[in-house]
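See structure below.
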Amino acid sequence: MFRKQISNEYDLVEPRAPAMLESLRAFGYNIQTAIADLIDNSISAGAKNVWLTFQWDGSESYISIRDDGKGMTEAELINAMRPGSRSPLEQREPNDLGRFGLGLKTASLSQCRRLTVCTKAVNQSPVTRRWDLDYVNQTGEWRLLRSAASGSEKRLASLDQLESGTVVLWEGMDRVVGETKTDNPKDRDRFLEMIEYVEKHLGMVFHRFLERKNKLKIWINKRLIEPWDPFLTKEKATQFLPEENLYIRGDQVVVQPYVLPHHSKVDQQTYEKAAGPNGWNAQQGFYIYRNERMLVAGDWLGLGLQRDEYCKLARIQVDLPNSMDSDWSIDVKKSRARPPSSLRTDLKRIARLTRSKAGDIYRHRGKVIARQSSESYVFPWLKKVKHSKVFYSINPEHPLVIEALNVPQEHRKVIQALLRLIEETVPVQQIWVDSAENSDLQSQPFEGVPSQEVKEVMMEVYNALIKNGLSSKEARRRLITMEPFQHFEELVASLGE
Ligand SMILES: Nc1ncnc2c1ncn2[C@@H]1O[C@H](COP(=O)(O)OP(=O)(O)OP(=O)(O)O)[C@@H](O)[C@H]1O
Ligand SMILES: [Mg+2]
């Protein structure tokens, strides 16, 4: 055993227990990332089930995380409760989700003042240990208590039914519920709302485990958590771009870019769910997985690329082994990863390609409509380039424009002036800004407009075509190829009746 020595060569400077434990609370977790860190431990311990209990009781509320993993012996538990139970430099088993020997303590104490762990290895009796911040503050020593707080034993009893497993219990949750009373409806609702955030976050970061054949099951207050697949891999319209392998010291990083489907290609519910907990725009970019556990949920990783509306369908899966943690600057919370400089060029190239393919989805839709009929009369607006500047003009060959100008000279001048004024002042900048902020909020042509009004406009075009010598049937056939009447087939059919 290590014995304290008196020496002339050095001073022994041990951390002060109360100050150190209080500081361990400030790693920057939120409730979602804290719980995910504990589930990492359950997965590394081979758990098939994780049961989360959120119990509301004002300031006495508690959260417990129970698993049916391999559990720990008493000696293992004592070591597990030690801050820095293992060195980050140690090599880990290939499927271990841990790295720093800190998560259990830092994640738990970020949310609560009393952390109790009860665990049971096969053929062993359950053993319990507890860090109680108030007690450490009082005594000033690293005293790990050997029992649960009085009255809390029953919260750990659920372990008895398992061959092996672990329960982590958070009490005194000052950071979650504070000093609130049980009957405070606002705080109670906030607590219930928090369960939803946690559920979404876990469904996201562990989706690969929840989707597997021999799946992990995570239960939250007895409800099974559903996986959230960021790549819509089961949708036919999702594009899988070619997978690439990149290397660091012979170890492989696998990069699989996806372009997700345009919202017209999937049902509305699927599209809305695919947006993810933070919304379409925020969830574009790289998704980084370490041993299949998601660390980063959509980010361009400081590669100099912005989150843009037109590339929101670009999502790129990156798979890392746990041997690259320091290359990627993985943090204790497992919520950050920075690409090593040796991979930045390749990642940027893959990002650019995926972004461009995602942008094609929107450009492509414009082309499809035009391809149905490449005649000159289809679009009311034309895009023109003059002296390498882009501008938009009203199509002089559009039947309605021809008809409008088919009037005596003095009226024609007014209409020509009006059309010119409209062309010169198209609010391009404003449209660009608005659609970059939220293209889904841009109204489609005649969206929400009563059919009668659409029909009135359509009728004028129809009459112009008839006047041009087309039969009623021919006029209808032409209308159906014209923007935006291709969306109003039934109305077109009803013309001339
Ligand atoms: N649910 C559990 N079942 C079995 N063993 C556990 C469990 N939770 C923690 N342990 C043990 O306790 C140790 C310490 O866990 P802790 O989360 O503090 O660090 P870590 O997982 O090793 O690394 P990291 O800081 O990256 O999470 C683990 O290495 C593991 O041996
Ligand atoms: Mg851990």
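Each ligand, and each atom within it, is numbered from 1 in the order the structure gives.
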Flag: protein heavy atom within less than 4.0 Å of atom 6 (C) of ligand 1: yes

Hey, is atom 31 (O) of ligand 1 touched by any protein heavy atom at less than 4.0 Å? no

Do me a favour and list the nearest non-hydrogen protein atom to atom 13 (C) of ligand 1 with residue, atom name and distance? Ala80 CB, 3.9 Å

Would you name the heavy atoms of Leu97 and Lys334 that are closest together and state the gap between them? O-CE, 3.6 Å

Distance from Leu295 atom CG to Thr33 atom OG1, nearest 0.5 Å? 12.0 Å

Side chain, backbone, both or neither: which applies to Arg66 and ligand 1 if a contact is any heavy-atom pair less than 4.0 Å apart? neither

Under 2.8 Å from the Mg ion (ligand 2), can any N, O or S atom of Asn41 be found? yes

Can you measure from CZ (Arg290) to CG (Asp319) and round to the nearest 0.5 angstrom? 12.5 Å

Using 30° and 60° as the class boundaries, would you call the ring planes of Phe231 and Tyr289 parallel, tilted or perpendicular? tilted

Could you tell me the residue and atom name of the protein heavy atom closest to atom 18 (O) of ligand 1, and the distance to it rounded to 0.1 Å? Lys105 NZ, 2.7 Å

Determine if the distance from atom 28 (C) of ligand 1 to the closest protein heavy atom is below 4.0 Å. no

Does any N or O atom in Gly98 lie less than 3.5 angstrom from one in ligand 1, N or O only? no

Specify the protein heavy atom at minimum distance from atom 1 (N) of ligand 1: its residue, its atom name, and the distance to 0.1 Å. Asp67 OD2, 2.9 Å

Asp40 touching ligand 1 at heavy-atom level, < 4.0 angstrom: no

Output yes when the distance from some N or O of ligand 1 to some N or O of Arg86 is under 3.5 Å, and no in every other case. no

Heavy-atom pair with the smallest gap, counting every atom of Leu115 and Val168: CD1-CG1, 3.6 Å

Can you pull out the closest protein heavy atom to atom 21 (O) of ligand 1? Residue, atom name and distance to 0.1 Å, please. Asn41 OD1, 2.9 Å

So for Gly101, does at least one of its heavy atoms come nearer than 4.0 angstrom to any atom of ligand 1? yes

If I apply the N/O under 3.5 Å rule, does Leu102 come out as touching ligand 1? yes

Those atoms of ligand 1 less than 4.0 Å from some heavy atom in Arg99: 23 (O), 24 (P), 26 (O)

Around atom OH of Tyr197, are there more than 12 heavy atoms of other residues, nucleotides or ligands at under 6.0 Å? no

Test side-chain contact (heavy atoms from CB on, under 4.5 Å) on Phe240 and Tyr258 and set out the steps. CA-CA 5 Å; Phe240 290 57; Tyr258 296 92; 3.4 Å; yes

Which class fits the ring pair Trp228 and Tyr287: parallel under 30°, tilted 30 to 60°, perpendicular over 60°? tilted

Does Leu97, backbone or side chain, put an N or O under 3.5 Å from an N or O of ligand 1? no

Are Arg82 and ligand 1 in contact, using a heavy-atom cut-off of under 4.0 Å? no

When the ring planes of Trp300 and Phe286 are compared, do they come out parallel, tilted or perpendicular, using 30° and 60° as the limits? perpendicular

In the protein, what heavy atom is nearest to atom 16 (P) of ligand 1, and what distance, to one decimal place, separates them? Leu104 N, 3.5 Å

Side chain, backbone, both or neither: which part of Ser85 has a heavy atom under 4.0 Å from ligand 1? side chain

At what distance, to the nearest 0.5 angstrom, does CG of Asp187 lie from CE of Met194? 11.0 Å

Taking atom CZ as the centre, does Arg338 end up with more than 12 heavy-atom neighbours from other residues, nucleotides or ligands that are less than 6.0 angstrom away? no

Does Arg293 come within less than 4.0 Å of Asp40, counting only side-chain N to carboxylate O? yes

So the atoms of ligand 1 within less than 4.0 Å of a heavy atom of Lys334 turn out to be 24 (P), 26 (O), 27 (O)

For ligand 1, does Thr166 get within less than 4.0 Å through its side chain, its backbone, both, or neither, judged by non-hydrogen atoms? side chain

Do ligand 1 and Ala45 have nitrogen or oxygen atoms that lie under 3.5 Å from each other? no

Salt bridge check, Asp346 against Arg349: does any charged N sit closer than 4.0 Å to a carboxylate O? yes

Quick one: closest heavy-atom pair of Lys120 and Ser125, and the distance? CG-C, 4.4 Å

Should Asp37 be listed as contacting ligand 1, given a heavy-atom distance under 4.0 Å as the test? yes

With a 4.0 Å heavy-atom cut-off (strictly under), which part of Val117 contacts ligand 1: side chain, backbone, both or neither? neither

Compute the shortest N/O to N/O distance between Met72 and ligand 1 and return yes if it is under 3.5 Å, no if not. no

Side-chain ion pair, Arg307 and Asp299, N-O less than 4.0 Å: yes

